[in-house]
Structure formats: C-alpha cells, structure tokens
There are 2 protein chains.
Amino acid sequence: MLGDKTRLAIVKSVFEQECCVCEFVAIFDMSQPAVSQHLRKLKDHGIVKERRSGQWIYYSMNTDYPYYAFVQQLVNHLPSQREGMSNLQQDSCCEN
Amino acid sequence: MLGDKTRLAIVKSVFEQECCVCEFVAIFDMSQPAVSQHLRKLKDHGIVKERRSGQWIYYSMNTDYPYYAFVQQLVNHLPSQREGMSNLQQDSCCEN
DNA sequence: TCATTTTATAAGTATATGCTTATATATGCA
DNA sequence: TGCATATATAAGCATATACTTATAAAATGA
C-alpha cells in the first residue's frame, strides 16, 4: 500500500496537516481522478479519514489506524511536504 | 523496492542471519530463478551483499547501506523468520 | 431550478512487475 | 575431463497497478 510513491507522499502530508483533495492535485501535479483513487485506497485501508466541508473534502491521518505509530516512524524518515503545501496557497481551490 | 512481500521477507531474514539461496527457495516455496531475481535487485540497490562459499552463495545485510538503520526499524515490526529457517535444516541444500 | 464546482466512480489502457521456462556460468567431485 | 549441483541470467508471459477519459454525485450560488 505504502510502496506507491504518491500514496506515501499523501500520508506524509496528512501526517503534517489535514489536506484538501485539490491540494494534492496541485502538489503532485496529477489528475484529479488519479488522486481520488489513491485517497480511496488509503481510506479503504483505514489509513486516512475524510471530512466534508461544503464542496471540499479534507483528508487527515486516522489516528485509530492499527499501524499508526509504525507509519509515523516511517514518514519521519521522509522530507517534509509542508514547503510544497504552503507554496501553492492561492493556486489551489480550497481556502487553505 | 521493499514494497514486495518476498523481498521484505528476505531482508528480514538476512537481518537475523546470513542465508543461503537454497534456504529462501525452500522457505518461500518459490522457484530458484524467482528468488535469484529478488536477490539481484536487493544486491543492486546495495541492501544486501553476497559471499560465495564453494557452490553456495550466502546473502547477508549490507551494513553500509545508507538506510540500514531505517530498514532495521522497519523489519523490527515484522515477525521473525527464524522459525521457518530452523525448520528446514535437512531439507535445504547447504550445510546451514 | 439550473449552472458551476469539487470530488468520486467506472471502464479502458498502458506499463510495471514478478513469475516461468530455458539456458549459461561456476564450483565440486569422480 | 566429464558430470552433478547451485546459482545467475535472459526472454517471454501473465497479472497487477496506476493512469486516462468519461460520467456521476454532491454541494453551492444565482
């Protein structure tokens, strides 16, 4: 599941902060359906959870995930995604 | 690289002890070429190293691998392979 | 209610990946 | 030297995986 580069980056991101779908589309420069499909898989595995707010859907880490601590250790070895996140502010769709 | 189940199990094994190719073939119940190909990839990535002793080739963890500590953390979360290893003794080809 | 926006889903496709089969290489031993 | 054993490599194939395109669903706002 986390062998996929994009999904691993998504998980790293949601570990740092709740993210909107549109932010992933912008950051990873991927099509919206491609992003949605990765999010779906992560959600189905119980790794992330979603929260709807109006038109937007935000994803965050599911702290109840059985391997939460393990994933945390894992992503601690990856470079932060914050920079990329904060760089797009205006560009992306949601208010974040 | 470590997203593959077999390769992850191989790495777990060589972390615990140096292993012969034939042992992997026996434990994972896989064809010899399939095992060899996984070992080749792990070796090419510098994760494991090989040592020839007569007809047999033994693989072990490469302690110089840059992400050695990370991989160690990772495999610590996996169940030990020792049991499977010790259960085959006579069956496999090498003297181990 | 209708158009727009955001996201999800479904279906099709291209590529990556891991396997099998066949063969080569290397070592040991008679 | 010739054969057996252990392993590596190459080529082909089947399947898994991640993408694209098209469409549906849900919410917003005029």
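Computed over heavy atoms, backbone and side chain alike; hydrogens, waters and symmetry mates excluded. Below, read A as the first sequence line, B as the second, and so on, with proteins coming before strands; counting in each chain starts at 1. Quick caveat: nothing in here was measured; it's all calculated off a predicted structure.
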Test item: A:Lys12 side-chain N/O and A:Leu78 main-chain N/O as donor-acceptor pair under 3.5 Å
yes

A:Gln72: which residues meet the side chain to side chain donor-acceptor pair (under 3.5 Å) condition with it, sequence neighbours left out?
none

Rounded distance in Å - CZ (A:Phe28) to P (D:dA18)
14 Å

How many whole angstroms separate atom CD of B:Glu23 from atom P of D:dA6?
13 Å

Angle, rounded to 10°, between the helical axes spanning five pairs at each terminus of the helix from C:dT1-D:dA30 to C:dA30-D:dT1?
10°

Tell me the interatomic distance from B:Ile57, atom CD1, to D:dA8, atom C1', rounded to whole angstroms.
8 Å

Using atom types as modelled, flag every donor-acceptor pair under 3.5 Å from a side chain in residues 27-36 of chain B to any protein atom, sequence neighbours excluded.
{"unit_1": "B:Ser31", "atom_1": "OG", "unit_2": "B:Ala34", "atom_2": "N", "d": "3.2"}
{"unit_1": "B:Gln32", "atom_1": "NE2", "unit_2": "B:Ser36", "atom_2": "OG", "d": "3.2"}

For the student: nearest non-hydrogen atoms of B:Leu39 and B:Val48, plus distance:
O-CG2, 4.2 Å

Partners of A:Asp4 by side-chain contact (heavy atoms from CB on, under 4.5 Å), sequence neighbours excluded?
A:Thr6, A:Arg7, A:His38

Are any non-hydrogen side-chain atoms of B:Leu42 and B:Tyr59 less than 4.5 angstrom apart?
no

Less than 2.5 angstrom apart at the SG atoms, yes or no, for A:Cys93 and A:Cys20?
no

If every non-hydrogen atom of B:Glu18 is compared with every non-hydrogen atom of B:Glu23, which pair is closest and at what distance?
O-OE1, 4.3 Å

Which part of the nucleic acid, if any, lies within reach of B:Lys41 when heavy atoms closer than 4.0 Å are counted: base, sugar-phosphate only, or nothing?
sugar-phosphate

B:Asp44 CG to D:dA8 P: how many Å, rounded?
11 Å

Taking atom SG of B:Cys19 and atom CE of B:Met61, what is their separation to the nearest 0.5 Å?
12.5 Å

Per the side-chain hydrogen bond (donor to acceptor under 3.5 Å, both in side chains) rule, what does the pair list look like for residues 60-71 of chain B, sequence neighbours excluded?
none

Just the atom pairs and distances: protein N or O near nucleotides 3-5 of chain D's N or O, under 3.5 Å.
{"unit_1": "D:dT5", "atom_1": "O2", "unit_2": "B:Gln55", "atom_2": "NE2", "d": "3.3"}

Under a 4.0 Å heavy-atom cutoff, the residues of residues 30-39 of chain A touching DNA chain C are A:Gln32, A:Pro33, A:Ser36, A:Gln37

For chain B, the stretch of DNA chain C it reaches, first to last nucleotide, under 4.0 Å of its heavy atoms
C:dG18 to C:dG28

A:Asp29 has an atom CG; how far is it from atom P of D:dC19, in whole Å?
12 Å

By side chain to side chain donor-acceptor pair (under 3.5 Å), which residues pair with B:Ser80, not counting sequence neighbours?
B:Glu16

Which residues in residues 3-12 of chain B have at least one heavy atom lying under 4.0 Å from any atom of DNA chain D?
none

So which pairs with a foot in residues 33-47 of chain A pass salt bridge (Lys or Arg N to Asp or Glu O under 4.0 Å), sequence neighbours left out?
A:Arg40-A:Asp44, A:Lys43-A:Glu50

Any side-chain to backbone donor/acceptor pair from A:Arg52 onto A:Gly54? Under 3.5 Å, distance only.
yes

Just wondering, do A:Val21 and A:Tyr58 contact through their side chains at under 4.5 Å, heavy atoms?
no

Pairing residues for B:Gln73 by the side chain to side chain donor-acceptor pair (under 3.5 Å) criterion, not counting sequence neighbours:
A:His77

Reckon A:Tyr59 touches a base, only the sugar-phosphate, or nothing at all at heavy-atom distances under 4.0 Å?
sugar-phosphate

4.5 Å side-chain heavy-atom contact, A:Phe24 and A:Val14
yes

